[in-house]
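Some notes on the structure that comes next.
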Amino acid sequence: MPELPEVEITRRHLADAIDGRRFMDVSVRHPRTARHNGGDPAVVEQRLQGRKAGNVARHGKFLVVPLDGGMTMVAHLGMSGRFRIDDGLGPEAPHTHFVSKMDDGSVVSFIDPRTFGFVAVFDEVELESTGLARLGPDAWETPPSVSDLAVVLRGRKAPIKALLLDQGPIAGLGNIYADEALFLAGIDPRTPGGELTEDQLEGLLTAIRLVLAGAIEKGGTSLDDLAYLLPDGRAGENLTSLQVYGRAGEPCFRCGEIIDKVVIRARSSHFCPGCQHG
DNA sequence: AACGATCCCTGTTGGC
DNA sequence: TGCCAACAGGGATCGT
């Protein structure tokens with residue numbers, strides 16, 4: 001699943017392809033891909049057509065591209081979205097919902113079977129009304145200090161796992177890396193966020209840093225089903241690094257206890273009862 | 001305000 | 001073997 005590491009890898013590839021280049025022949029094929037522009041593919045096409053991209057940025061799991069003329073392109077990979085960059089000569093992949101030829105002749109396309117992702121072009125007012133405006137500090141580029149995080153979590157009764165998925169306290173973690181970071185920090189995912197000590201929060205921030213760094217270095221996590229793929233078509237190699245995610249019923253690599261799975265906020269949470277505590 | 005539930009969607013998987 | 005229900009989950013929205 002695309003989370004911060006996968007989006008960051010995508011950002012780097014996209015930056016190579018579109019920074020400073022112009023969008024030509026924009027085509028949006030699916031109303032759900034355009035749902036943040038009223039579900040009208042023509043709006044995305046018209047707003048993007050002929051515009052020149054600035055530098056591709058990332059905030060949490062959102063990709064943000066400033067455009068000349070003042071508007072901003074925002075894209076999200078959702079569950080199954082991926083960008084592809086090629087010469088446009090080969091066959092189009094199934095579920096290709098966005099295609100744009102750039103002014104150097106390369107072709108950027110967005111492939112998204114489950115259509116949880118989107119491509120949008122916003123003016124300044126619209127930009128403020130999206131989830132982007134509600135994001136907390138980026139977990140990788142601008143992680144919060146221990147004291148900042150403590151303030152945000154003070155009094156919160158929701159499980160720390162739910163708060164990590166919320167993107168408000170800290171932005172970029174999804175189900176895989178939230179579980180992995182909590183394991184590394186030795187924290188039970190059900191622990192109310194407000195009950196974590198400063199020591200635990202410091203450990204959690206360190207664990208997040210390590211988990212994200214490892215995943216980015218390995219090109220992200222490609223699961224075996226709807227594979228997340230890098231924009232050049234390769235698979236990420238982080239799967240074998242996972243300690244708890246997807247390992248329910250198997251022994252913990254560290255202590256041998258059986259990895260457990262519980263549902264938190266309608267998401268499965270994997271953890272080791274031997275290593276993780278409130 | 002905080003929190004949980006529900007919905008969206010389709011490829012894959014597991015049970016019968 | 002074949003069919004179909006269940007499952008996976010990021011974010012938006014809504015109800016409590």
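Reckoned from all heavy atoms, side chains included, excluding hydrogens, waters and symmetry mates.
Within the 4.5 Å cutoff, the side chain of A/T130 has no heavy atoms near those of the A/V74 side chain. Two residues are said to be in side-chain contact when any heavy atoms from C-beta on lie closer than 4.5 Å; A/P41 and A/T33 fail this criterion. A 4.5 Å side-chain heavy-atom check between A/L77 and A/K61 finds every atom pair outside the cut-off.
Taking the nucleotide of DNA chain B with the nearest heavy atom to each of A/A266 and A/L163, the more 5' of the two is matched to A/L163. Positionally, the nearest nucleotide of DNA chain B for A/A162 lies more toward the 5' end than for the other of A/A162 and A/R267.
Between the P atom of C/dG9 and the CZ atom of A/R82 lies a distance of 20 Å, rounded to the nearest Å. Taking atom CZ of residue A/R190 and atom P of nucleotide B/dC3, one finds them 18 Å apart after rounding to whole Å. In this entry the distance linking CZ of A/R114 with P of C/dG10 reads 11 Å, nearest Å. The nearest whole Å value for the distance from the CD1 atom in A/I264 to the P atom in B/dA5 is 12 Å. Put simply, CG on A/L164 is 13 Å from P on C/dG11, counting in whole angstrom units. Here the P atom of nucleotide C/dG10 and the CZ atom of A/R35 are 14 Å apart, to the nearest Å. Taking atom NE2 of A/H76 as the reference point, atom C1' of C/dA12 lies 11 Å away to the nearest angstrom. One interatomic measurement links the two molecules: CZ of A/R154 to P of B/dA1, which rounds to 19 Å at whole-angstrom precision.
For the OP1/OP2 pair of C/dA8 and a distance below 4.0 Å, the side-chain nitrogens and oxygens of A/Y245 include no atom meeting the criterion. Between A/Q167 and C/dG11 there is a side-chain polar atom (N or O) within less than 4.0 angstrom of OP1 or OP2. At B/dA2, none of the side-chain N or O atoms of A/K157 fall inside 4.0 Å of OP1 or OP2 (strictly under the cut-off). A/H95 has a side-chain polar atom (N or O) that falls below the 4.0 Å cut-off from OP1 or OP2 of B/dG11.
Across all strands shown, A/A158 has heavy atoms under 4.0 Å from sugar-phosphate atoms exclusively, and none from any base. Heavy atoms of A/F118 sit nowhere under 4.0 angstrom from any nucleic acid atom. A/R134 comes within 4.0 angstrom of sugar-phosphate atoms only, judged by non-hydrogen atoms across all strands, and of no base. As judged by a 4.0 angstrom heavy-atom cut-off over every strand, A/K161 is placed among residues making no nucleic acid contact.
Across C/dG10, C/dA8, B/dC3, the shortest atom-to-atom separation from the side chain of A/E3 is found for C/dG10. Across C/dG11, B/dT6, C/dA8, the shortest atom-to-atom separation from the side chain of A/S268 is found for C/dA8. The side chain of A/R32 approaches B/dC9 more closely than any other nucleotide in the set B/dC9, B/dT6, B/dC3. The side chain of A/R156 approaches B/dA2 more closely than any other nucleotide in the set B/dA2, B/dC9, C/dG11.
Classified by interplanar angle (parallel below 30°, tilted 30° to 60°, perpendicular above 60°), the ring pair A/F118/A/H76 is parallel.
Taken residue by residue, residues 169-182 of chain A places heavy atoms nearer than 4.0 Å to DNA chain C at A/N175.
A centroid separation of less than 6.0 Å is found between the aromatic rings of A/H270 and A/Y245.
Within a 6.0 Å sphere centred on CZ of A/R254, heavy atoms belonging to other residues, nucleotides or ligands number 12 at most. Crowding of A/E217 atom CD: a count of heavy atoms from other residues, nucleotides or ligands under 6.0 Å not exceeding 12.
Taking the charged nitrogens against the carboxylate oxygens, A/D103 and A/K52 have no contact shorter than 4.0 Å, which rules out a salt bridge.
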